[in-house]
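What follows is a set of notes on a single structure, which appears directly below.
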Amino acid sequence: MKKIILVIAIILTAVLPSEASTPKVIAHRGHFNAEGAAQNSIRALIKADSIGADYSEFDVWMTADSTLVVNHDVTFKGVDMEHSPASLVTAQKLDNGENLPTLEEYLSAAKSLSIKLICEIKVHDSLKHEQECIRRTVDMIKQFGLEDRTEYVTFSKNGILTLVKLCPKGTSIQYPKGDYLPEQLHHMGITGMDYKITVLKKHPEWIKRAHNLGLAVGIWTINTPEEMQWCIDNNIDYITCNDPETLIKLLQK
Ligand code: MG
């Protein structure tokens with residue numbers, strides 16, 4: 001009898017939807033619209049923390065001489081992140097006057113704040129270079145004692161598998177490309193599906209399927225109150241947005 005009850009409980013856990021909770025606010029590349037900030041700047045990280053965003057998202061590259069730097073695109077003002085030395089990359093000025101930060105500088109600033117981090121590992125030309133970037137990033141986050149406050153995302157399928165291998169068990173790792181079913185992501189051993197709103201509007205059933213598998217569901221990058229409301233109404237767990245202040249106000253209503 002006990003066995004039957006246990007089996008029924010397992011089946012119900014798998015079939016019933018998880019309880020909806022308030023979505024987490026992710027400031028995409030930090031709160032870069034704040035006064036004096038720029039995308040992926042330390043000021044944008046500090047401002048994201050100051051307005052009460054749950055996470056600041058940032059992007060990591062490894063330079064030709066193996067320094068980890070924070071920037072979105074492969075090039076910044078004509079300088080290639082992956083194929084240039086760190087001295088040239090970090091000499092570049094962001095739009096707010098800061099120098100393009102190293103990961104070490106970024107984590108050093110994050111250490112004194114309470115905001116959590118979404119660390120995106122960029123897809124590098126060289127798989128070997130990318131793997132080394134991941135290994136060094138995971139190590140540095142550990143050295144800063146930020147493992148409990150850092151989650152990962154990468155468009156690289158090899159990168160996802162490397163993160164699963166290198167990160168402590170239970171680390172949140174999300175895949176954003178939109179080309180895998182929830183069941184396939186679960187099989188890969190990651191914790192979340194982080195897709196574009198257009199993908200999930202086309203496949204809204206994936207949200208419940210992901211939740212039933214224990215996967216978190218995120219959406220990027222949301223820019224309008226209407227899209228934010230759609231995410232709230234559809235039990236999305238993480239909302240990545242360029243206007244975190246508007247989303248925070250909407251969630252407080
Ligand atoms: Mg990013």
Side-chain angles (χ1 to χ4, degrees), residues 23-34 37-49 53-63 68-76 80-82 89 92 94-96 98 100-103 105-107 109-110 115-125 129-130 133-134 136-138 140-141 146 149-160 162-163 167 171-179 185 190-200 216-223 227 231 236-244 247:
K24 302 291 184 209
V25 178
I26 302 174
H28 185 226
R29 305 176 203 167
H31 185 17
F32 64 83
N33 283 318
Q39 293 194 9
N40 275 320
S41 64
I42 299 219
R43 173 83 172 163
L45 163 70
I46 293 167
K47 293 304 284 185
D49 179 75
D54 296 291
Y55 294 84
S56 187
E57 186 264 356
F58 61 97
D59 307 281
V60 177
W61 291 97
M62 191 168 80
T63 63
L68 301 169
V69 294
V70 177
N71 188 60
H72 182 264
D73 293 338
V74 63
T75 58
F76 183 81
D80 187 299
M81 298 293 115
E82 187 179 352
V89 170
Q92 302 308 308
L94 304 183
D95 290 345
N96 68 343
E98 283 178 35
L100 193 148
T102 61
L103 180 64
E105 289 165 342
Y106 196 91
L107 297 180
I115 194 165
K116 293 182 179 177
L117 306 172
I118 301 281
C119 174
E120 178 177 347
I121 307 284
K122 301 305 289 192
V123 180
H124 290 62
D125 275 350
H129 206 72
E130 181 180 288
C133 174
I134 294 171
R136 284 172 182 257
T137 300
V138 170
M140 191 175 284
I141 283 165
L146 288 167
R149 281 170 50 199
T150 305
E151 304 183 13
Y152 294 89
V153 61
T154 181
F155 281 80
S156 164
K157 288 165 192 172
N158 284 304
I160 283 284
T162 306
L163 282 166
C167 289
T171 301
S172 173
I173 302 167
Q174 304 195 21
Y175 181 73
K177 203 169 175 181
D179 53 347
L185 297 177
I190 65 172
T191 62
M193 177 175 79
D194 184 27
Y195 286 174
K196 272 185 169 178
I197 193 166
T198 46
V199 173
L200 290 182
V217 180
I219 284 189
W220 59 273
T221 296
I222 295 305
N223 290 312
E227 288 177 335
C231 292
I236 300 304
D237 305 298
Y238 292 81
I239 303 175
T240 300
C241 60
N242 288 330
D243 182 5
L247 178 55

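Read the numbers this way: they start at 1 and go in the same order the structure lists the ligands and their atoms.
Screening T162, I160, T154, D59 against I121 for a side chain to side chain contact (heavy atoms under 4.5 Å, CB included) leaves a single residue, T154.
Within the protein, the number of N, O or S atoms lying under 2.8 Å from the Mg ion (ligand 1) is 3.
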Given N71 and N40, is the side chain to side chain donor-acceptor pair (under 3.5 Å) satisfied, shown in steps? CA-CA 6 Å; N71 188 60; N40 275 320; 5.3 Å; no

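K157 pairs by the salt bridge (Lys or Arg N to Asp or Glu O under 4.0 Å) definition with D179, not counting sequence neighbours. When the side-chain contact (heavy atoms from CB on, under 4.5 Å) test is applied to P23, the partners found at least two apart in sequence or on another chain are I232, I239, L251. With sequence neighbours left out, R136 forms a salt bridge (Lys or Arg N to Asp or Glu O under 4.0 Å) with E132.
Not a single donor-acceptor pair under 3.5 Å links the side chain of R43 to the backbone N or O of A38.
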